Amino acid sequence: MRETRSGYTTATPSGAVDLGEAALRVRGVRKRFGGAEALRGVDVTVRPAECHGLVGANGAGKSTLGKILAGVLRPDAGSLEFLGHEVTIPSPSAAERLGIGLVPQEPMVAANLTVAENLALGREVTTPWGTLRRREEDARAREVLAQVGLGHISPSTLVERLNVADRQLIEVARALGTDVRLLILDEPTSSITAGEAENLFALMRSLRERGVTLIYVSHRLEEVFRLCNTITVLRDGEVAGVFKASSSTAAMLIEAMAGAAGTEAIAAEAAQERAQAPEGPAILEVRNLSSPPAFADISFSVRAGEILGLAGLVGAGRSEIVRAIAGIDRPASGEVLIDGKPAHFVTAAQAIGEGIVLLPEDRQVQGLIPQLSVGANVSLSVLDRLVSAFGLLSLSRERSLGDEYVGRFRIHCAGLDQPVSELSGGNQQKVMVARTLAPHPRVLLLDEPTRGVDVAAKADIHRWIRDFAKGSFANPSGMAVILISSELHEVAALSHRVLVLRDGRLVAEVPGEGSTEKSLLALAAGQPAEA
């Protein structure tokens, strides 16, 4: 047991594995972004052909370490030893030559290229005349697509036509397109279905049998315990503990990764009871909304103070419905009503003016502007309210708004001027929540609000969702909330009612209280609901 620079204790439990033999050794690695130190002398040892879990709260340094190993970032100090040799990894291509692959948390695919072109990007097969060998690239693409359960997708499909889940699996397929010896998977199941996750887990087992070493980064502790032999916990850029999965518990990991504040937030959420469903007239009504083939004949209503869950498998039409309500996509037919009156808008800005705001599914593509600062991203949805008497943006008003929301949502950043791209995934998500709440909406559409966040941040977001519905600073009279989540237990736990969708149609409405992940999944799959 040792005391780290921040005062935390790093403990190796009695059941910890012997880390003598190593495929990878990370020694004293440090990385700073401006005034924030993301890694503070991290030591990690990974044995050959094991699956090594890497967990920690948002901002703990997990993704930063993965990017250093994959050559995306350069460490400020420390050393790396891979397969018995000290190495420097100045670029992703250098990592690939060493046999190190990364599946990033956010898909980094080129949307305007085909699937085959994405898989071959940077490693194109050419003829002696310099032209591409398209047939060879397509054949290789079909092979790796089948490995990740995407055999039904044509290599010639443009990536922009794929959903977030399929783009995530394209990243996995790309990593498998090299002679990979170490594969780092950063939140690979955050956007995929349970069935797709099972295919991925089977592939991981196959890779280990072939001698590939895996580093698995995830907030889903049940997956970490299922897949991993050894688990390293990071907290505030330092190693907070190394655990043997077979002799450890989730409570032990949470205590190490979350600290006192995090465990208190989790306990507070567990003790919180579901509020009674509100009475009164509907704020939002949707009548016969259709946009074939995505969805058809969708009708429902939501009251102030009510959380309405939308459940369904990927492709059921959930995201497409809320995008139509939010003015991002135009439906083919049907109408949206606010307070019983038809709402006429054709843009997201007009929908915001009507009090309807969407937190989108993909924060990188549909939400944040990574090169802008934290403060600028928070204020994007309310710039019209921050204009001075001379028609210019008031920087003092923008900074005041940013300070309020950074504090209110506990966004960990070096300051309002820090580029949002430098934040952890969970803190980026909190920036998205802040920007969504800034217009003080009456109708709040939440599409995967807890994707890629740690257990403590998830507890915070769950509490915020309940508060938004009941009444909060953003709207004291309460909001009508529509919640989409691939984690069906989350939908069941938070919602007053759940609408179940299958193939773009509404197939069931069930009370949130008493519903379970199992019963919702059965309905979504077309099976009789079971408790």
Side-chain angles (χ1 to χ4, degrees), residues 57-58 105-106 163-165 168 187 189-192 219-220 265-266 269 272 274 284 302 306-312 314 318-323 325-326 328 348 352 356-368 377-378 381 405 408-411 420 423-470 472-475 478-499 512 517 520:
N58 292 123
Q105 180 177 353
E106 303 293 344
N163 58 35
V164 175
Q168 188 90 336
E187 298 286 354
T189 63
S190 62
S191 302
I192 63 178
H219 292 303
R220 298 180 177 181
I266 295 164
E269 193 216 349
Q272 191 165 358
R274 189 196 310 264
L284 173 74
V302 197
E306 183 178 24
I307 302 173
L308 178 70
L310 295 186
V314 171
R318 302 166 303 167
S319 296
E320 290 83 355
I321 291 170
V322 294
R323 284 174 60 85
I325 294 171
I328 297 171
I352 291 173
I356 302 174
V357 184
L358 169 67
L359 187 150
E361 174 186 20
D362 189 334
R363 60 178 171 259
Q364 295 295 328
V365 175
Q366 302 165 336
L368 299 171
N377 271 277
V378 168
S381 57
Y405 279 81
R408 190 179 293 277
F409 292 107
R410 296 193 290 184
I411 299 169
V420 79
L423 302 188
S424 68
N427 283 299
Q428 289 182 1
Q429 189 71 0
K430 288 183 178 182
V431 171
M432 281 299 305
V433 173
R435 191 172 84 195
T436 304
L437 268 292
H440 294 186
R442 299 185 67 208
V443 178
L444 185 60
L445 311 174
L446 301 173
D447 195 352
E448 302 288 359
T450 63
R451 184 169 73 88
V453 306
D454 64 71
V455 289
K458 182 175 290 188
D460 281 338
I461 293 174
H462 286 179
R463 186 177 69 256
W464 296 337
I465 291 171
R466 293 186 178 103
D467 289 344
F468 298 155
K470 290 185 295 185
S472 67
F473 75 97
N475 191 329
M479 303 177 195
V481 178
I482 297 178
L483 171 66
I484 296 173
S485 176
S486 297
E487 299 185 40
L488 294 180
H489 61 86
E490 185 172 64
V491 175
L494 293 172
S495 304
H496 294 104
R497 290 182 295 135
V498 182
L499 303 181
E517 179 178 14
L520 294 178

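Quick note: numbers below take in every heavy atom, side chains included, and nothing from hydrogens, waters or symmetry partners. Residue numbers start at 1 and run along the sequence shown. Remember, it's a predicted structure, so these values are computed and weren't measured experimentally.
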| Any side-chain heavy atom of Asn475 sitting closer than 4.5 Å to one from Phe468? | no

| request: Can you tell me which residue pairs pass the salt bridge (charged side-chain N to carboxylate O under 4.0 Å, His left out) test with a partner in residues 426-442, sequence neighbours excluded? | output: Asp339-Arg442

| message | Among Ile461, Leu483, Asp460, exactly one meets side-chain contact (heavy atoms from CB on, under 4.5 Å) together with Thr450. Which residue is that? | response | Ile461

| Gap separating the CG atom of Leu284 from the CE atom of Met479, nearest 0.5 angstrom | 14.0 Å

| request: Verify, without hydrogens or angle tests, whether Gln428 (side chain) and Val420 (backbone) share a donor-acceptor contact under 3.5 angstrom. | output: yes

| field | Residue list, salt bridge (charged side-chain N to carboxylate O under 4.0 Å, His left out) with Glu306, at least two apart or on another chain | value | Arg497

| request: Starting from the C-alpha separation in whole Å, work towards a yes-or-no answer on side chain to side chain contact (heavy atoms under 4.5 Å, CB included) for Ile482 and Leu310. | output: CA-CA 7 Å; Ile482 297 178; Leu310 295 186; 3.8 Å; yes

| Heavy-atom side-chain contact between Tyr405 and Ile411 under 4.5 Å | no

| message | Nearest 0.5 Å, please: how far is CZ in Arg451 from CD in Glu361? | response | 6.5 Å

| message | If you define the side chain from C-beta out and look only at heavy atoms, does anything of Leu444 sit under 4.5 Å from Thr436? | response | yes

| request: Starting from the C-alpha separation in whole Å, work towards a yes-or-no answer on side chain to side chain contact (heavy atoms under 4.5 Å, CB included) for Arg466 and Leu494. | output: CA-CA 7 Å; Arg466 293 186 178 103; Leu494 293 172; 3.5 Å; yes

| said: Can you give me the closest heavy-atom contact between Val498 and Gly512, atom names plus distance? | reply: CG2-CA, 4.2 Å

| Sequence neighbours excluded, which residues qualify as salt bridge (charged side-chain N to carboxylate O under 4.0 Å, His left out) partners of Glu487? | Arg220, Lys458

| request: Find out whether Leu445 and Leu359 are in side-chain contact, i.e. whether some heavy atom of one side chain is under 4.5 Å from a heavy atom of the other. | output: no

| message | For Gly312, is there any backbone N or O sitting under 3.5 Å from a side-chain donor or acceptor partner on Arg318? | response | yes

| request: May I ask you to decide if Ile307's main-chain N or O and His496's side chain share a donor-acceptor pair within less than 3.5 Å? | output: yes

| Closest non-hydrogen atom pair between Trp464 and Arg408, with its separation | CZ2-O, 4.4 Å

| query | Any donor and acceptor pair, going by atom type alone, linking the side chain of Glu187 with main-chain N or O of His219 inside 3.5 Å? | reply | yes

| query | How close do Ile484 and Asp447 get, heavy atom to heavy atom, and via which atoms? | reply | CG2-OD1, 3.4 Å

| request: Using a 4.5 Å cut-off on heavy atoms from C-beta on, say whether the side chain of Phe409 contacts that of Val431. | output: no

| task | Grab the two heavy atoms, one from Leu308 and one from Ser495, that are nearest each other, plus how far apart they are. | result | C-OG, 4.2 Å

| remark: Of all heavy-atom pairs linking Ile352 and Pro439, the shortest is CG2-CB, 3.9 Å

| said: Quick check: closest heavy atoms across Ile465 and Pro449, and the distance to 0.1 Å? | reply: CD1-CG, 4.1 Å

